[in-house]
Every structure is written in structure tokens, then in C-alpha cells.
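For reference, the structure discussed in these notes is given below.
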Protein chains: 2
Amino acid sequence: MASKRRLGLETSKTRSALMDAVGNVMREDGYGALTARSVAERAGLKHQLVYYYFQTLEDLLIATYERHIERYLARIELALESEQPLHAFWQVHANPTDATLNSEFLSMANHNEAIRTRTVEFGEHVRRLGFEKIEKLFRRPAGGQDAVNPFAVTMAITAIGSNLGLETAIGITGGHTELRALIEWCIDQLEPTSP
Amino acid sequence: MASKRRLGLETSKTRSALMDAVGNVMREDGYGALTARSVAERAGLKHQLVYYYFQTLEDLLIATYERHIERYLARIELALESEQPLHAFWQVHANPTDATLNSEFLSMANHNEAIRTRTVEFGEHVRRLGFEKIEKLFRRPAGGQDAVNPFAVTMAITAIGSNLGLETAIGITGGHTELRALIEWCIDQLEPTSP
DNA sequence: GTCTATACACCGATAGAC
DNA sequence: GTCTATCGGTGTATAGAC
């Protein structure tokens with residue numbers, strides 16, 4: 001299974017540049033355009049260098065995904081530690097910067113076992129984090145509604161945020177202002193701005 | 001631009017089988033796995049037949065997408081004509097059958113101009129349809145909240161429904177019951193089951 | 001309407017020189 | 001650490017026989 005080819009160090013700048021290039025190619029041309037040649041060209045390198053730093057193209061892809069979700073997780077943890085975790089959590093997901101890339105990885109998860117496993121783990125982890133931090137907001141009868149559940153709120157925020165980001169990326173704009181207003185109204189009810 | 005190669009009829013069963021195969025390949029292996037060979041093999045045909053019925057592989061893809069959104073639109077229109085359009089609209093989107101395929105097309109829209117244009121047109125069209133039919137539910141003060149807007153409700157339903165479907169497809173289940181309960185509670189408020 | 005044969009480009013991956 | 005050279009495989013697309 002394991003090739004005997006020698007590999008470059010994980011601290012290498014070139015290695016990191018290859019991972020940057022993977023993200024750029026996926027954003028601009030989709031995961032279907034990912035080849036050792038397209039990635040290397042984006043980084044200004046020869047395609048054979050991919051195989052100096054990674055055993056296979058898929059190894060490069062998985063390393064890029066790991067780095068991507070680590071950075072995402074850091075943003076979420078920072079948000080949940082802020083004074084208004086629910087507002088901050090929404091801000092992270094209302095920002096459409098990574099919507100396209102996230103969507104590409106999610107599509108890949110449907111067809112690539114390694115990406116799928118990691119996505120499920122990560123998804124459940126974020127949900128748990130959101131639950132733990134946001135849960136206490138619901139102890140008092142903020143909206144006075146039994147049906148409002150921390151899990152549900154966490155999910156609704158991520159689902160709607162990613163969808164807004166995706167639509168923005170391809171050029172659908174109708175109703176976005178209205179939906180953002182609705183979400184922000186709901187969040188204000190659950191986590192009042194003036195304490 | 002246009003090749004002089006002869007083309008098969010649009011009424012052909014084989015042509016339709018090729019479009020079925022496109023959907024199956026995309027669902028199971030992703031849009032990145034779409035090739036004339038993979039599609040034809042799925043349909044039990046030789047790959048050269050793709051080029052008897054379509055000028056290019058992209059033409060086959062676009063024809064498949066047109067058929068896909070036509071069928072989707074028919075389901076939505078049927079739902080919006082029912083006695084409880086909001087409940088029916090949610091049921092269409094709560095069904096995860098097409099979530100994976102929809103997501104593949106949405107990813108493609110980011111990188112393929114023809115698919116992108118068609119997706120924007122279709123997205124805005126569905127939003128308008130939902131708006132027109134659902135709007136009247138909000139004339140009376142059902143929830144008594146100004147922030148609740150028909151556009152926003154239409155979007156929230158589609159966003160959350162597709163996200164639930166995607167997560168179900170890859171195996172994330174946490175919080176789904178809770179979120180469905182929340183959505184259905186909201187919908188019951190806006191469109192009471194017992195009139 | 002479906003087949004065989006074929007064109008030429010690009011793919012992942014490796015070996016080995018520098 | 002990066003390069004040239006090369007492999008077998010697969011891609012789109014076409015021409016033309018049946």
C-alpha cells in the first residue's frame with residue numbers, strides 16, 4: 001500500500017503552497033478540476049512536486065481538508081467564547097467567504113470515504129459545541145416556546161448561513177435582506193443585545 | 001461552433017436513458033465522475049452513443065439539468081396549489097431524495113456558466129412562486145411579528161430542507177428531530193392545521 | 001441506430017539526474 | 001528540493017462501416 005518514495009517535510013513552505021492551491025482550484029473550477037497538474041500550476045510549481053510532498057493526490061486533498069476545518073473550528077470556538085455567542089456564531093456563518101469551498105467539500109463527502117468520515121465527525125462536533133455554549137440561553141423563557149431547542153437553533157443558523165453564502169456566490173440575491181432580518185430578529189429575541 | 005455530425009431524435013428512449021444515467025452517476029460518484037464513458041456504461045451503452053444524441057458532453061449535462069428542474073418545478077407547483085401550501089412546500093423540501101443531486105448541480109453552477117445562469121433564473125422563479133402563494137397567509141397577524149416575511153420563510157424552508165437532506169445523505173443525524181420539530185411548529189403557527 | 005477504429009490531449013504516478 | 005523523461009491508462013470527439 002505505502003510507496004517507498006521519499007517525502008518532503010510537513011513544515012515546508014512549498015507543501016503549504018500546494019494546499020493553498022488546492023483551495024483556489026476548488027473555489028474557482030470545482031473539485032472536478034483538481035489534478036496534480038492544475039494544483040501545481042496554480043502554485044507556480046511543477047506537477048511532479050505534488051508527489052514529492054504527498055504519496056497520492058488524495059493525500060494532498062485530505063491534508064488540505066484537515067487544515068480547512070481546523071481553521072473553521074478556530075473561528076467557531078472564538079465566536080462561542082465571545083460575550084454574545086449566538087450573535088457571534090451567526091456572524092461566522094453569515095459570512096459567505098467559504099461557502100463555495102465548504103459546498104465543494106460537502107459534495108466530495110458524498111463520494112469520498114475519507115472526506116465523508118471526517119465531515120461527519122466535524123459536523124457532530126460543531127453541533128455539540130454550539131449546543132453546550134448556547135444551551136444556557138434557553139434556560140430562561142426567552143421566547144417562551146418549548147419547541148425552541150439549542151440543537152435546532154445551531155443547525156438552522158449553519159444551514160441558512162451556508163445557503164445564503166452559496167446563493168450570493170452564484171448571483172441569487174432575492175429575499176436575502178428579508179431572511180437576514182428574520183434571523184437577526186430571532187437571535188435578538190434569544191440573546192437580547194441590551195442585557 | 002456547431003459540429004456537422006448527425007444527431008438522434010429528442011424523443012429517443014436511448015437519449016432519455018443517457019439523461020437518467022447522468023443523474024445516477026452524479027448521485028453516486030459526483031459530478032467530477034461525469035464522463036461520456038461513465039454515463040454510457042451506467043446506461044449499458046457504448047460511450048460513442050453520447051455523441052450521436054448530443055453534440056458535446058456538456059449538452060447532455062444541460063439537457064439533464066433542464067429536465068431535472070422541470071420535474072422539481074412541477075412538484076413545487078402541485079404543493080403550492082394544495083389546501084395547505086406552506087405545509088406542502090415544506091414536505092417537498094423535507095424529502096431528502098434529491099438533496100445530493102441538487103447539491104451537485106449547485107456546486108457545478110459555481111463553475112459552469114450555463115448551469116449557473118439557469119440556476120439563478122430557476123432560484124428566483126421558485127422564490128417568486130412561493131412568495132405569491134404564501135404571502136396571503138401573512139395578511140392576518142398569525143404570529144403577530146413584523147419580521148416574518150414570505151420571502152424569508154420560503155428561503156428558510158428550502159435552505160433548511162436541503163441541508164437536512166444533505167446531512168442525512170452523508171450520515172449526520174444529530175439534531176435533525178429537533179430542527180424538524182422547530183420548523184413544523186413554526187409552520188403550524190403560520191398556517192394552522194385546523195382552520 | 002449502434003458499432004469499430006482511431007486522433008490526440010491529459011491524467012496519476014514513478015525513476016532517476018542534478 | 002526540484003528537475004526531465006517516461007509509463008500505461010483514460011478522456012473527448014470524430015469518421016465511417018454495418
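Every chain is numbered from 1 and lettered A, B, ... according to where its sequence line falls, protein lines coming before strand lines.
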For this session: Decide, yes or no, whether a salt bridge links Arg71(A) with Asp98(A) under the criterion of side-chain N to carboxylate O below 4.0 Å.
Result: no
Seminar exercise, completed: Counting primed atoms, P, OP1 and OP2 as sugar-phosphate and everything else as base, the B/S/- map of nucleotides 6-18 of chain C against protein heavy atoms under 4.0 Å is -----BBBB--B-
For this session: For the pair Glu104(B) and Arg27(B), find out whether any cationic side-chain nitrogen is under 4.0 Å from an anionic carboxylate oxygen.
Result: no
For this session: Return the orientation label for the Phe122(B) and Tyr72(B) ring planes: parallel under 30°, perpendicular over 60°, tilted otherwise.
Result: tilted
Exercise. Under 4.0 angstrom, heavy atoms only, what part of the nucleic acid is Tyr53(B) near: base, sugar-phosphate, or nothing?
Worked result: sugar-phosphate
Exercise. Is Lys133(A) salt-bridged to Glu77(A), going by a charged N under 4.0 Å from an acidic O?
Worked result: no
Exercise. Between dA13(D) atom C1' and Leu7(B) atom CG, what is the distance in whole Å?
Worked result: 13 Å
Exercise. Are Ile62(B) and Leu7(B) co-members of a hydrophobic cluster defined by side-chain heavy atoms under 4.5 Å apart?
Worked result: no
Exercise. Whole-Å distance between dT2(C) C1' and Lys46(B) NZ?
Worked result: 10 Å
For this session: Round to the nearest Å and state the distance from Glu41(A) atom CD to dT2(D) atom P.
Result: 17 Å
Exercise. OP1, OP2 of dG1(C) versus side-chain N and O of Thr14(B): anything below 4.0 Å?
Worked result: no
Problem set entry | Residues Arg127(B) and Glu124(B) bridged, charged N to O under 4.0 Å | no
